[in-house]
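Contents: one structure, followed by commentary.
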Amino acid sequence: MSLAELEPIENIEEVEFKMLEKLKFYLGGLVKNGGSDLHIKSSSITRGRINGEMIPLSNEILTHADGILLAKEVLRGRFEELVANKSVDFNFKLNEKYRFRGNMFFQTEGVSAVFRVIPVDIPSMSDLKLPKSIEQLCHLKRGLVLVTGPTGSGKSTTLASIIDHINIHQKRHIITIEDPIEFVYKDKNSLINQRAIGQDALNFSTALRAALREDPDVILVGEMRDMETIETAMHAAETGHLVLSTLHTVDAKDTINRIIGMFPGNEQNKIRMSLAATLQGVLSQRLIKTVDNKRAAAIEILFKNARIESLISDSRDSEITEAIAEGKDIYGMQTFDQALLDLYKSGKISENETLLNATNSSDLKMKITSHDSEFGGEIDLTEDMIDLKIEE
């Protein structure tokens, strides 16, 4: 890679922005096909993640030089930041309806970029078909609520629907701390201040400490990345604030273990007691392929009650999944496998997909067999049934 290629653009007015126009074309195609992410790589074709799979959007190979030019046209004054740090996060606006969270980085063959779709219109909890019991988290006055799952599982969208529900129905002061800002909120019944790491704040922990002096009711922390941020978030929850955040963990039990495990051994008991007192809910979600080749969220739901608090404080984490399962009818909780079974019973996902994603596939197989024998077999959405629905 030559030094000349890495020089920033001196006269931006002279740039034709040909690569930027190509990018907009690909992003438009991604949105049109219901995709979630656009992947651009030097020396390769452009691909989109559509219904969870990487689908080619073009046969055209992006050259090394075109990749550098694209980076300059998109980043403009921040191109030097890419050169210095080897990767950079940013937001990109396609039009009034669609924005994207972008990450551009160097790899062995040049520049690559990933663009994640962020709709301007924030989906409601009912739009996302979230379980009705989750709505109770919106009415909490204090405590810690975590939304967890792998990258691309819809954590940010679920959090946005919760924030927007509070914004519509309550008069509160909400502060969001994100890297970068994804959904942009407009003040409704609540007042919302949004801060972007790098642009408006140095890092999560300092921004979170500052937020405690800014009279917040609700604080959204984009991600619990380090020990200091977690400790400050729990302190905020203890002192009368509702704190919402995310973690890359697979379920509630793993979430609790991950938080406690980030601290030194001599501090873990104190953190465990604090977590038991402040944790109000954990939503752990994964996106599952549906029978109509789309995706639906299967969500494990943990709500705090006396039993859950006792299990956490007594280090009986292995019993948490059982407690969640037994709290389904009374508290609205559910394990991931219970969520999968409900999706299967409603005909949204196949038996194969249900068992493929199960935590305990043998146990779930028995429940599926019992259900099928009672109701006459797996629901099969054939083409005739789909046509019938359209005609109706």
Side-chain angles (χ1 to χ4, degrees), residues 31 33-37 48-55 117 119 121-135 137 147-162 165 250-252 282-302 321 324-325 327-329 332-392:
V31 168
N33 287 283
S36 61
D37 300 84
R49 187 176 293 279
I50 299 172
N51 295 325
E53 297 184 352
M54 299 290 283
I55 306 298
V117 179
D121 296 330
I122 301 172
S124 67
M125 299 174 77
S126 59
D127 289 337
L128 296 176
K129 297 180 173 56
L130 298 180
K132 187 70 175 175
S133 63
I134 292 177
E135 192 175 311
L137 297 175
V147 179
T148 82
T151 300
S153 59
K155 299 186 296 294
S156 297
T157 306
T158 295
L159 272 178
S161 71
I162 292 173
H165 190 279
V250 297
D251 57 26
V282 180
L283 308 178
S284 301
Q285 61 186 63
R286 303 173 217 172
L287 295 180
I288 311 300
K289 183 183 289 187
T290 60
V291 293
D292 57 355
N293 205 32
K294 296 180 180 179
R295 292 193 293 174
I299 306 178
E300 178 177 278
I301 304 172
L302 175 147
T321 302
I324 293 173
K328 191 177 195 300
D329 295 331
M333 295 193 278
Q334 63 184 23
T335 65
F336 186 67
D337 283 1
Q338 285 175 325
L340 284 173
L341 185 59
D342 285 344
L343 287 172
Y344 171 77
K345 288 179 177 179
S346 68
K348 291 180 180 177
I349 64 176
S350 67
E351 177 179 340
N352 182 61
E353 199 67 25
T354 304
L355 299 176
L356 185 65
N357 289 278
T359 303
N360 187 335
S361 58
S362 58
D363 182 60
L364 200 52
K365 173 66 175 176
M366 291 175 60
K367 292 177 180 177
I368 287 175
T369 301
S370 174
H371 172 267
D372 289 350
S373 63
E374 183 178 355
F375 292 96
E378 178 180 350
I379 297 174
D380 180 19
L381 290 181
T382 63
E383 291 183 4
D384 290 341
M385 292 175 68
I386 294 171
D387 289 342
L388 181 61
K389 286 187 176 181
I390 293 173
E391 291 173 1
E392 288 177 346

Nearest heavy-atom neighbours spanning [X] and [Y]:
X: I288; Y: A298; answer: CG1-CB, 3.9 Å
X: G152; Y: R295; answer: O-NH1, 4.4 Å
X: M333; Y: L302; answer: SD-CA, 3.9 Å
X: P131; Y: I299; answer: CD-CD1, 4.1 Å
X: A296; Y: L343; answer: CB-CD2, 4.4 Å

Practice task
Report yes or no: does S361 contribute a side-chain atom to a donor-acceptor pair with the main-chain N or O of A358 at less than 3.5 Å?
Solution key: no
Exercise for the section: Give a yes or no answer on whether the side chain of K155 reaches the backbone of P150 with a donor-acceptor pair at less than 3.5 Å. Expected result: yes
Exercise for the section: Scan residues 355-368 for pairs that pass salt bridge (charged side-chain N to carboxylate O under 4.0 Å, His left out), counting only residues two or more places apart or in two chains. Expected result: E351-K365, D363-K367
Value rounded to 0.5 Å, distance of [atom1] in [X] from [atom2] in [Y]:
X: L356; Y: E353; atom1: CG; atom2: CD; result: 5.5 Å
X: F336; Y: T321; atom1: CZ; atom2: OG1; result: 12.5 Å
X: E300; Y: L340; atom1: CD; atom2: CG; result: 10.5 Å
X: Q285; Y: T157; atom1: CD; atom2: OG1; result: 8.0 Å
X: L364; Y: Q338; atom1: CG; atom2: CD; result: 10.0 Å
X: T290; Y: N51; atom1: OG1; atom2: CG; result: 7.5 Å

Practice task
Carefully, step by step, assess L283 and T158 under the rule side chain to side chain contact (heavy atoms under 4.5 Å, CB included).
Solution key: CA-CA 9 Å; L283 308 178; T158 295; 4.2 Å; yes
Exercise for the section: Report yes or no: do S362 and N360 form a side-chain donor-acceptor pair below 3.5 Å? Expected result: yes
Practice task
Classify the side-chain pair S124/S161 by whether it contains a donor and acceptor separated by less than 3.5 Å.
Solution key: no
Problem - Test salt bridge (charged side-chain N to carboxylate O under 4.0 Å, His left out) applied to D342 - qualifying residues, sequence neighbours left out - result: K328
Practice task
Evaluate the side chain to side chain contact (heavy atoms under 4.5 Å, CB included) criterion for residues K348 and K294: first the C-alpha distance (whole Å), next the side-chain angles of each, then the deciding distance (0.1 Å), finally the verdict.
Solution key: CA-CA 10 Å; K348 291 180 180 177; K294 296 180 180 179; over 6 Å; no
Pairwise side-chain contact, [X] with [Y], heavy-atom cut-off 4.5 Å (strictly under):
X: Q334; Y: S133; value: no
X: T148; Y: V250; value: no
X: V282; Y: D251; value: no
X: D372; Y: T369; value: no
X: P119; Y: V117; value: yes
X: I324; Y: I301; value: no

Practice task
Give the intermediate values and the outcome of side chain to side chain contact (heavy atoms under 4.5 Å, CB included) for residues H371 and Y344.
Solution key: CA-CA 10 Å; H371 172 267; Y344 171 77; 4.0 Å; yes
Problem - Exceeds 12 heavy-atom contacts within 6.0 angstrom, atom CE of M54 - result: yes
Exercise for the section: I would like to know whether K289 and I349 meet side chain to side chain contact (heavy atoms under 4.5 Å, CB included); could you show each step before the answer? Expected result: CA-CA 7 Å; K289 183 183 289 187; I349 64 176; over 6 Å; no
Exercise for the section: Show the numbers, then the answer: is there a side chain to side chain donor-acceptor pair (under 3.5 Å) between T335 and D337? Expected result: CA-CA 5 Å; T335 65; D337 283 1; 5.8 Å; no
